Amino acid sequence: MNTNAIQWRNGLKDGIPICLGYFAVSFTFGIMASGAGLSPWQAVIMSFTNLTSAGQFAALGIIAAKAPFMEMAVAQFIINLRYCLMSCSLSQKLDEKTPFFHRFLIGYGVTDEIFGVSVCRPGRLSPFFSYGLIAVAVPGWTLGTLLGAVSGDFLPPRILSALNVALYGMFLAVIIPPAKGNRTLSGVIVVSMVCSLIFAATPILNTISSGFKIIILTLLIAGAAAYLFPVKETGEEQHE
């Protein structure tokens, strides 16, 4: 068996846990998309072409608020800007002779989880390993969306309510583990929650649409944290 086929199989194997996690989260997204007025196929196309849980959930609120396209575009740019950084990081693991079309296709499937698995893989990153990850992760995200959108029409309201709560559980599972050993990150999370509450409770601020709330809070809090608590490079730490 050639090297590319082995890399593909390894990618498929390592992508199975991602697929299962995506299925559970996207099922909830499908239900919420149906509640926001999207048809099952609109929700499926949205998941297949975006692959961004935070961006897609934020988009539902913007769509429900009937906000202008520019607000949607700016919100998605801010929320998904991290993928540009992840792609730049992954490009350093690729062989310098890797053709552009491989880089282009890999860029389509860069998500938090796929990036995490790829960047931790020792040695050079094979495009076919990335294709294996994408080939199993994307169907999990898309199929979960479809089943959630279709199930929303006949599942009991109590179950739908419970599944909606599962979304917040997912976000807690994402932020709590890394925050345990990082006081700066813990502080940023607390400040974000307080600021979000202020925006929701203050008479003038609560009139701002959900999309611009995300944009404002992301720029202010992330910008302040980056300025006040910059992350030191490994090389800098070694010289100290």
Side-chain angles (χ1 to χ4, degrees), residues 1-22 25 47-56 58 73-142 171 173-175 177-182 184-185 188-189 218-219 221-240:
M1 185 177 293
N2 61 45
T3 303
N4 291 341
I6 294 175
Q7 292 289 346
W8 166 271
R9 290 182 58 185
N10 290 336
L12 289 175
K13 181 179 65 176
D14 291 351
I16 291 176
I18 299 176
C19 173
L20 296 177
Y22 279 2
V25 176
S47 285
F48 183 76
T49 56
N50 285 273
L51 306 180
T52 164
S53 57
Q56 289 179 221
V74 175
Q76 293 301 313
F77 175 78
I78 297 297
I79 294 172
N80 298 319
L81 187 60
R82 67 189 188 279
Y83 294 131
C84 293
L85 302 177
M86 292 179 187
S87 296
C88 290
S89 177
L90 285 182
S91 69
Q92 304 303 308
K93 287 183 65 66
L94 294 171
D95 189 277
E96 295 179 354
K97 297 180 180 179
T98 302
F100 172 77
F101 73 90
H102 279 312
R103 298 174 184 270
F104 182 81
L105 293 175
I106 292 173
Y108 158 74
V110 174
T111 65
D112 300 283
E113 295 75 17
I114 290 178
F115 170 78
V117 172
S118 300
V119 78
C120 291
R121 188 167 180 80
R124 289 290 184 180
L125 180 65
S126 168
F128 292 90
F129 176 80
S130 298
Y131 295 155
L133 289 176
I134 295 170
V136 70
V138 173
W141 182 253
T142 307
F171 286 124
V174 170
I175 64 176
K180 286 183 178 179
N182 190 321
T184 300
L185 182 56
V188 169
I189 293 173
T218 301
L219 290 176
I221 299 173
Y227 178 78
L228 297 174
F229 309 101
V231 178
K232 296 182 179 180
E233 298 291 339
T234 304
E236 293 180 2
E237 293 178 349
Q238 292 176 347
H239 289 301
E240 292 181 354

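Hydrogens, waters and symmetry mates are skipped; everything else that's a heavy atom, side chains included, is used. All of these numbers come straight from a predicted model, not from anything done at the bench.
Under the side chain to side chain donor-acceptor pair (under 3.5 Å) criterion, the residue pairs touching residues 124-141 are Ser47-Trp141, Gln56-Trp141, His102-Tyr131, with sequence neighbours excluded.
A donor-acceptor contact shorter than 3.5 Å is absent between the side chain of Gln7 and the backbone of Pro127.
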- [ ] Apply side-chain contact (heavy atoms from CB on, under 4.5 Å) to Leu85 and Phe115, showing your working.
- [x] CA-CA 10 Å; Leu85 302 177; Phe115 170 78; over 6 Å; no
TODO: Quick one: do Phe129 and Asp14 satisfy side-chain contact (heavy atoms from CB on, under 4.5 Å)? Show the steps, please.
DONE: CA-CA 9 Å; Phe129 176 80; Asp14 291 351; 3.4 Å; yes
Task: Chi angles and distances behind the side-chain contact (heavy atoms from CB on, under 4.5 Å) call for Ile106, Thr98 - done: CA-CA 11 Å; Ile106 292 173; Thr98 302; 5.6 Å; no
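Separation of atoms CG (Leu51) and OH (Tyr108) is listed at 4.5 Å; rounding is to 0.5 Å. With rounding to the nearest 0.5 angstrom, the CG atom of Asn4 is 14.0 Å from the CZ atom of Arg9. Note that CG of Asn10 is 9.0 Å distant from CG of Leu12, once rounded to the nearest 0.5 Å.
Looking only at side-chain heavy atoms (C-beta outward), Ile18 and Val136 stay at 4.5 Å or farther from each other.
Residues Leu133 and Ser118 approach most closely at CD1-OG, 3.4 Å, considering heavy atoms. Across Val110 and Met86, no two heavy atoms sit closer than the pair CG1-CB, 3.8 Å. Considering every non-hydrogen atom in both Val119 and Ser89, the closest pair reads CG2-OG, 4.2 Å. Leu94 approaches Leu125 most closely through the heavy-atom pair CD2-O, 3.2 Å.
Residues satisfying the salt bridge (charged side-chain N to carboxylate O under 4.0 Å, His left out) criterion with Asp112, sequence neighbours excluded, are Arg82.
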